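To start, the structure itself, in structure tokens.
Values in this document were obtained by computation on a predicted structure and should not be read as measured data. Both ligands and their constituent atoms are indexed starting at 1 by order of listing. What you see below is based on every heavy atom in this structure, not just the backbone, and it leaves out hydrogens, waters and symmetry mates.
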Amino acid sequence: MAAELIDGKAFAAELRERVAGHVAGLRAAHGIVPGLAVVLVGEDPASEVYVRNKGRQTVEVGMASFEHKLAAETSEAALLDLVARLNGDDAVHGILVQLPLPAHIDADAVINAIDPAKDVDGFTLSNVGLLGTGQKAMVPCTPLGCLMMLKDRLGDLSGLDAVVIGRSNIVGKPMAQLLLGQSCTVTIAHSRTRDLPEVVRRADIVVAAVGRPEMVPGDWIKPGAVVIDVGINRIPAPERGEGKTRLVGDCHFESCAAVAGAITPVPGGVGPMTIACLLANTVTACCRAHGLPEPEGLTA
Ligand code: GUN
């Protein structure tokens, strides 16, 4: 393997330490405890795991965690009512409504009901618009984590060619905005892109966020490029025994690592950074809510 491994787990642990330091400082100097409310509707097993991890890590860094688990049949009106109460609750500085929501609920309506100042996911129209116009926004957690790792590895990104594969609202689009904000030349590729291999071969930075297991092979990667693999896909692993599975990214790890300059592994790359960035955003939101200076080291 030629590529340096970008250790997201270690990076996330460092970020959580910085968060914990700021939390301790807020408590000692001002008696303020940042609070994060997470709302889960229904019983999607993957979402339940995420929400449990979020709650545990929130408490570990010294913040207050408010978990709201609602039945799958919860009405949109009841969910909007909960969001309104959290908006008005001074102990809550960050609100996250776990997606996907059940089909009978209009997810856009719920997300946009969140007070933008408490929107630690950065999904409200207000924060999307602020990010797109280069203003101070709450930045979505996964792209924020990717940018932190890219800047740590590359320093100044100005003038670099970046290709983002995937155009989701949660990752692809905000990732492209962040890279543009760093003066990269940005291409967003997707399922209709013509000659994707050639597009990817031009890139100094590849961010893969499509959700297709091992879709990007090593011969698409420019030698020395930095590869950030956002995909987390579970695939059958009969070699580990009957019915066993394993996690893989959107990039074929071995072949990409043989060519890239640096690459994030799956698991242990982007994944751990997402929750750490959520905690960081909550502390940032808390400081803004109290008119305190922006904490250092929590944004890219
Ligand atoms: N579901 C998967 N990823 C996310 C995320 O980053 N935020 C929310 N709210 N839901 C998700």
Could you give the distance from OG1 (Thr282) to CE (Met138), rounded to the nearest 0.5 Å? 7.5 Å
Lys69/Glu43 ion pair, N-O < 4.0 Å: no
Under a plain distance cut-off of 3.5 Å, with no hydrogens placed, do Thr284 and Asn281 share a side-chain donor-acceptor pair? no
Give every pair made of an N or O atom of ligand 1 and a protein N or O atom lying under 3.5 Å apart, one pair per line with both atom names and the distance to 0.1 Å, or write 'none'.
| residue | atom | partner | partner atom | Å |
| --- | --- | --- | --- | --- |
| ligand 1 | 1 (N) | Gln98 | NE2 | 3.3 |
| ligand 1 | 1 (N) | Leu99 | O | 2.9 |
| ligand 1 | 7 (N) | Asp121 | OD1 | 3.1 |
| ligand 1 | 7 (N) | Asp121 | OD2 | 3.3 |
| ligand 1 | 9 (N) | Val97 | O | 2.8 |
| ligand 1 | 9 (N) | Asp121 | OD2 | 2.6 |
| ligand 1 | 10 (N) | Leu99 | N | 3.0 |

Flag the pair Arg202 / Val199 as yes when at least one side-chain heavy-atom distance between them is below 4.5 Å, and no otherwise. yes
Assess whether atom CD of Glu67 is packed by more than 12 heavy atoms of other residues, nucleotides or ligands within 6.0 Å. yes
For a 4.5 angstrom cut-off between non-hydrogen side-chain atoms, does Asp250 reach Ile165? no
